[in-house]
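Quick note on labels: first sequence line is chain A, next is B, and so on, each numbered from 1.
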Amino acid sequence: MAAQRSVWQVWHGPIWKRPVWLDLIVGLDADAVRVGTLSASLLAWLWLAGDVASGVQSFCLSGEGLERLAASFRSASASGLLLSEAWHWMLMVTAMMAPLLAPPIRHVIGRSYRRRRWRAVAGFLLGYGALWAGAGISGATLLATVAIAGDATTQIAAAAALLAAAAWQLSPMRSSAMRRCHRTMALTPRGWAADRDCLHYGARQASACLAGCLPVMLATMLAFPGVLAPALVAFWLYIERGYQRNDRLIPAALLAGLGLAVAAATFF
Amino acid sequence: MKPAVKGVRIREDVWKLPQWDDTLLWYAKAVAHMRSLPLNDFRSWRYQAAIHEYVRSSDPLAVAGETLPTASKRARFWTQCQHGSWYFLPWHRIYLAFFEQIVRQHIVALGGSDNWALPYWNYSDTGPNAKKARPEFTAAKLPDGSKNALADVVRSSTTGNFGIDASDVDLDCLRRVPFKTGSMGAPAGFGGPKTGFEHSGGIIGDLERTPHGSIHMAVGGWMSSFSTAGLDPLFWLHHCNIDRLWEVWRGRGAQFQNPSDPSWGAPSGTVFGLQNAAGTVVRLTADKVVDTTVPVLSYRYEDISDPLAGAGLGEEDVMANTGPAALVGASEKPISLSSTSTTAVVHIDAAAVTDNSAALAEGEEPRAYLNIENIVGRNAAPSYKVYVNADGKTEGDARYAGVLPMFGLVERSGQEDPHGGGGLTYVLDITDLVRRLRQAEAWDNKKLSVTFVPKDGDKPDNSLKVGRISLYYR
């Protein structure tokens, strides 16, 4: 059993006495993969922040996200609006998830012949991105359908999503997903089977990420649209994944508290 | 039992002690007493074993209705063992030191000496009995006729002869530097790969593989599983020797250094909090336990002389980190291992070899590493000896590459594994073997065959598979 650093071991005691921030910097291997993934994330955050500043309206970035999504689906010029929604969704996924992809990308690079490393990474990212895109499309369709059919508001959806994310935080399925994020797999070295394996690994990684992160991401976008809240959530996910053993109670309590607060603000 | 010197106890070679020396007699009495304490008492035998790992369903000493420590205590103190990590050695050092202090506290309370220290089992020694357990660990009774707790344990043999052979106690790891390497495909290093914030995917360090893992599997029984290993009194002597080998390695020369990476120790390395004999949680980083004579540890070994002295420290012993290792060949599909020999073929990619040779000096041969990746299995399995280009000749050392102990196989393959069940990955340095094969004209630049020969032990089931075998050059 490899290093299982519990958050207990690191966070025990006042937070300002624990050099978690130092480890986040010093513990990073400053190789090309690290630079590449952080750069991709940073560029995505900057683009999103720019769009927020220039008033671009989308589910991910602006208030009344659910109403906005429903309107996109209803609109006569739906395709343009939906493409914009999809673009922002993939930017948000890149911004939040790219830093977490350094270890599996290193695995793909290290376990491939040098001449096919770019192809291997591309296959991995394609498999990873495809699942997230699929999750985005099906999630958006579902939310829009619910919004249109049920006349639901973003606030009600946000409260429900926060409470659901709190419950999910405590579930053993999420713990299992967080562990699966670290799983490596053997890759066929050459030919189409090698491409298949890279796609498979990417998809497998995405399914673990989706199970671990999607509920809280969705809840954040509904409740706290913009860039700041998702960035804070991404930072938390990064620490939680890096320290492996997820201590579930505190984030669950926080999410539940926020959910109740949003629900109270809706109804009172 | 040697007296302490300025508060620093001496850990002695168990095979150099007289029969039923006080060290062993009091150990037996302390173990018996600790086994009588409840599970939720941190000074009990079972609690100390649970710090390594605890799985209720596989606890052989579980008592229905007994009180466990609180969930928060279990999360904080149990199932903490560090494996496949550069923290393997420092964590086990702290674990053993506090265990030793707790045992000594019991011994003093029972009327024994405050000089007591854990003995070590030097199974790599050249004496005729070194590979066997001392008779005191198999005798049914103590000299006074009471039950001997040192023998009240499940092992692969009740005689103390576990069939340990030269491959299990090989000290080739002592030749390896550095403590940790940084390249995928290369051996992880003497002490294990860097982990903590990022993870290596479960690659086992050289010392952890052999003799550490090999001895666990050879002794068998409780010793063969993370969750029950600490219940065997031999576990502590075994890890005492592993800890001693860390001292031996460091004493071999200037190149044998602990990591200088600032993420290993303070201020940014992992902080481990374990309970000392007073029950106080002591928080330590790896750099704080490098010197065993510091007050928090307070021990030293009677012998840390270099068993390989005279073998030289030639270039082949020094793995300078001059560049990344590159994949040059791999198997095309998973390989099932069984209770009989299995041979798989690894195709070598000529273009990859040519690519790699561009980085080598004129006439320089690359270092060669055999990776056995993602070994998974649902049930316990024996260790396997690995041979390259054996052509059926799996006796002797001519084609021998190394041994793969399956210690931690089930834990690493399961859903609860922190790596999500990716299994074990081993890296064998076969540079010397490849050189010998070339000289014997038994090396094929297009492919190599890898043969797995099971040692005595558990019979594997059909879930035991190797994800891939790969060859890396550097």
Side-chain angles (χ1 to χ4, degrees), chain A residues 1-6 8-10 12-13 18-29 31 34 102-104 106-107 109-117 172 175-191 193-194 204 208 238-239 241-245 247 249, chain B residues 53 75-76 79-85 87 182-185 194-202 226 262-263 267-273 283 324-334 347 349 351-352 355-356 373-374 408 411-412 415-422 425 466-468 470:
Chain A
M1 190 158 307
Q4 293 179 58
R5 277 200 298 185
S6 161
W8 254 119
Q9 289 170 312
V10 184
H12 186 59
R18 300 310 314 152
V20 174
W21 59 270
L22 183 61
D23 192 18
L24 282 174
I25 299 162
V26 173
L28 299 180
D29 291 316
D31 61 353
R34 174 70 63 199
R106 281 200 199 100
H107 175 80
I109 290 173
R111 294 298 183 194
S112 300
Y113 291 126
R114 200 172 267 144
R115 65 175 181 277
R116 57 164 286 123
R117 280 174 176 175
S175 301
S176 175
M178 296 301 284
R179 288 190 292 272
R180 287 201 311 276
C181 283
H182 298 274
R183 184 173 180 148
T184 58
M185 63 178 265
L187 304 173
T188 305
R190 55 186 182 174
R204 201 191 241 184
Y238 193 29
I239 292 180
R241 185 173 183 281
Y243 287 102
Q244 272 209 316
R245 188 176 307 175
D247 289 282
L249 285 178
Chain B
E53 180 174 298
R76 193 173 170 194
T79 311
Q80 300 290 312
C81 67
Q82 304 291 298
H83 288 271
S85 165
Y87 293 125
S183 171
M184 190 169 293
K194 177 174 177 174
T195 66
F197 195 75
E198 299 285 0
H199 286 264
S200 65
F226 281 174
S263 312
S268 62
T270 298
V271 180
F272 298 105
R283 290 207 290 280
L327 179 70
V328 296
S331 55
E332 302 281 331
K333 48 187 183 212
H347 291 282
D349 188 276
D355 205 6
N356 185 72
E373 302 173 34
N374 299 103
E411 293 87 342
R412 283 286 180 85
Q415 294 277 331
E416 293 296 314
D417 172 48
H419 286 146
T425 294
V466 172
R468 190 176 86 164
S470 51

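- Heavy-atom minimum distance, B/Ser331 versus A/Pro189: O-CD, 3.3 Å.
- Scanning all heavy atoms of the two residues, the minimum distance from A/Arg115 to B/Ala352 falls at NH1-N, 4.1 Å.
- In terms of heavy atoms, B/Ser470 sits closest to A/Arg111 at OG-NH1, 4.1 Å.
- Note that the CG atom of B/Asp349 and the CZ atom of A/Arg114 stand 12.0 Å from one another [nearest 0.5 Å].
- Between A/Arg106 and B/Met184 the shortest heavy-atom distance is O-CE, 3.8 Å.
- Between B/Asn374 and A/Met185 the shortest side-chain heavy-atom distance does not fall below 4.5 Å.
- A donor-acceptor distance shorter than 3.5 angstrom exists from the side chain of B/Arg468 to the backbone of A/Leu187, with no hydrogens or angles considered.
- Using a 4.5 Å cut-off between heavy atoms, B/Val328 contacts chain A through its backbone alone, with no side-chain atom that close.
- The side-chain heavy atoms of A/Thr188 and B/Glu332, taken from C-beta on, include a pair separated by under 4.5 Å.
- With a 4.5 angstrom heavy-atom cutoff, B/Glu373 touches chain A only via side-chain atoms.
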